[in-house]
Amino acid sequence: MRSTCIIFFLFICFGHIHSQDTIYFNGRTVEAVRIVKVGERDIEYNRFDNLEGPLYVTSKRDIHYIKFANGKVDTLTSAGRAKATQGQDMTGDIQNQLVNIDRRIYIDRDRLSYQGETVGEAKLREIILAEPNAEKQQMLLHEHHKLMSYKKRQYLFGFIGPGLGVLIPAAGFVLVKGMGESPTFLASVGAGVAVAVTGIIISSVNKHKRTKQKMAIARLYNKR
């Protein structure tokens with residue numbers, strides 16, 4: 001009798017877990033919900049961990065796709081919006097659209113994500129190497145090489161500039177102790193500050209170029 005009750009309880013829990021809908025937002029956010037209404041422009045839902053709580057309203061523009069409790073998928077992205085609904089089977093065309101969407105690199109301000117994972121330089125290279133079009137792959141690899149050049153210069157100048165900015169005044173201080181010339185120390189401090197600031201500026205410029213290059217690679221990859 002006791003084992004029967006446990007099995008019944010687990011069955012109820014299992015059914016409860018799988019009765020949830022799931023919203024995949026643009027970017028990386030995934031949320032378990034219960035869909036209340038799918039409007040023309042908005043989605044109304046309750047959070048699954050608080051079904052009796054507030055009703056949330058989200059624009060369809062902010063949603064990648066919705067996976068309903070019955071396994072059906074409704075793709076809501078503006079690029080290749082699918083017509084699937086909760087009560088419809090996905091056709092071959094919709095499945096193809098979902099495959100293409102899953103292969104997209106999503107751009108969220110200055111961040112990239114791919115299939116729910118954050119994309120850095122190493123992950124971006126992996127994605128490029130998986131590109132089936134050889135000509136496009138070589139083009140992307142060339143752009144990725146430029147990206148890595150910006151990264152190297154960012155860290156190189158970001159490290160060397162401030163480092164020399166400290167070493168130059170230190171060398172000036174040693175000279176002052178040995179020769180007793182205070183103008184030498186003041187000059188070394190000025191030179192150290194100038195070198196440090198220059199290094200930081202060059203590093204910041206390359207960081208900006210690095211970010212823009214990542215976005216450019218993602219846009220180029222997404223072109224089909």
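Residues I66 and Y24 have side chains not in contact (no heavy-atom distance under 4.5 Å, counting atoms from C-beta outward). In this structure, the side chains of M139 and L220 come closer than 4.5 Å at one or more pairs of heavy atoms. No side-chain heavy atom of R153 sits under 4.5 Å from any side-chain heavy atom of I202. Considering only heavy atoms from C-beta on, Y221 comes within 4.5 Å of Y114 through its side chain. Taking 4.5 Å as the limit, some side-chain heavy atom of S59 sits within range of a side-chain heavy atom of D42.
When every heavy atom of A196 is checked against every heavy atom of G165, the shortest pair comes out as CB-CA, 4.0 Å. Between I35 and V38 the shortest heavy-atom distance is CG2-CG2, 3.7 Å.
Residues that satisfy the side chain to side chain contact (heavy atoms under 4.5 Å, CB included) test with P54, not counting sequence neighbours, are N50, Y56. Listed by chain and residue number, I105, I107, L112 satisfy the side chain to side chain contact (heavy atoms under 4.5 Å, CB included) test with A218 (two or more places apart in sequence, or in another chain). With sequence neighbours left out, F157 forms a ring pair (Phe, Tyr, Trp, His ring centres under 6.0 Å) with no residue at all. Partners of D110 by side chain to side chain contact (heavy atoms under 4.5 Å, CB included), not counting sequence neighbours, listed by chain and number: T211. Under the rule for a side chain to side chain contact (heavy atoms under 4.5 Å, CB included), the partners of V197 that lie at least two apart in sequence or sit in another chain are V193, I201.
Of the candidates K146, H208, H144, E143, Q213 forms a side chain to side chain donor-acceptor pair (under 3.5 Å) with just one, namely E143. Each of V57, L55, I23, D21 was checked for a side chain to side chain contact (heavy atoms under 4.5 Å, CB included) with Y45, and the lone residue meeting it is I23.
Taking CD1 of I43 as the reference point, atom CD1 of I63 lies at 5.0 Å (rounded to 0.5 Å). The distance from atom NZ of K60 to atom CD of E40, rounded to the nearest 0.5 Å, is 7.5 Å. Note that CZ of R111 and CE of M215 are 10.0 Å apart. Values are rounded to the nearest 0.5 Å. With rounding to the nearest 0.5 Å, the separation of CZ in F25 from CD in E31 is 5.0 Å.
A donor-acceptor contact shorter than 3.5 Å links the side chain of S204 to the backbone of I200. The backbone N or O of N206 lies less than 3.5 Å from no partner atom in the side chain of K151, so there is not a single donor-acceptor pair. In this structure, the side chain of N46 does not engage the main chain of R34 through any donor-acceptor pair within 3.5 Å.
F159 and L164 end up in the same hydrophobic cluster when Ile, Leu, Val, Met, Phe, Trp and Tyr side chains are linked at under 4.5 Å. Under a hydrophobic clustering in which Ile, Leu, Val, Met, Phe, Trp and Tyr are joined whenever their side-chain heavy atoms come within less than 4.5 Å, directly or via other members, L141 and L147 fall into the same cluster.
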Using a 3.5 Å cut-off and no angle test, enumerate the donor-acceptor pairs between side-chain atoms of residues 120-131 and protein atoms at least two apart in sequence or in another chain.
unit_1, atom_1, unit_2, atom_2, d
E121, OE1, R210, NH2, 3.3
E121, OE2, R210, NE, 2.7
E121, OE2, R210, NH2, 3.0
E131, OE1, R224, NH1, 3.1
E131, OE2, N133, N, 3.1

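Heavy atoms of other residues, nucleotides or ligands lying less than 6.0 angstrom from NZ of K136 number more than 12.
By the 6.0 Å and 45° rule, R104 stacks over the aromatic ring of Y106.
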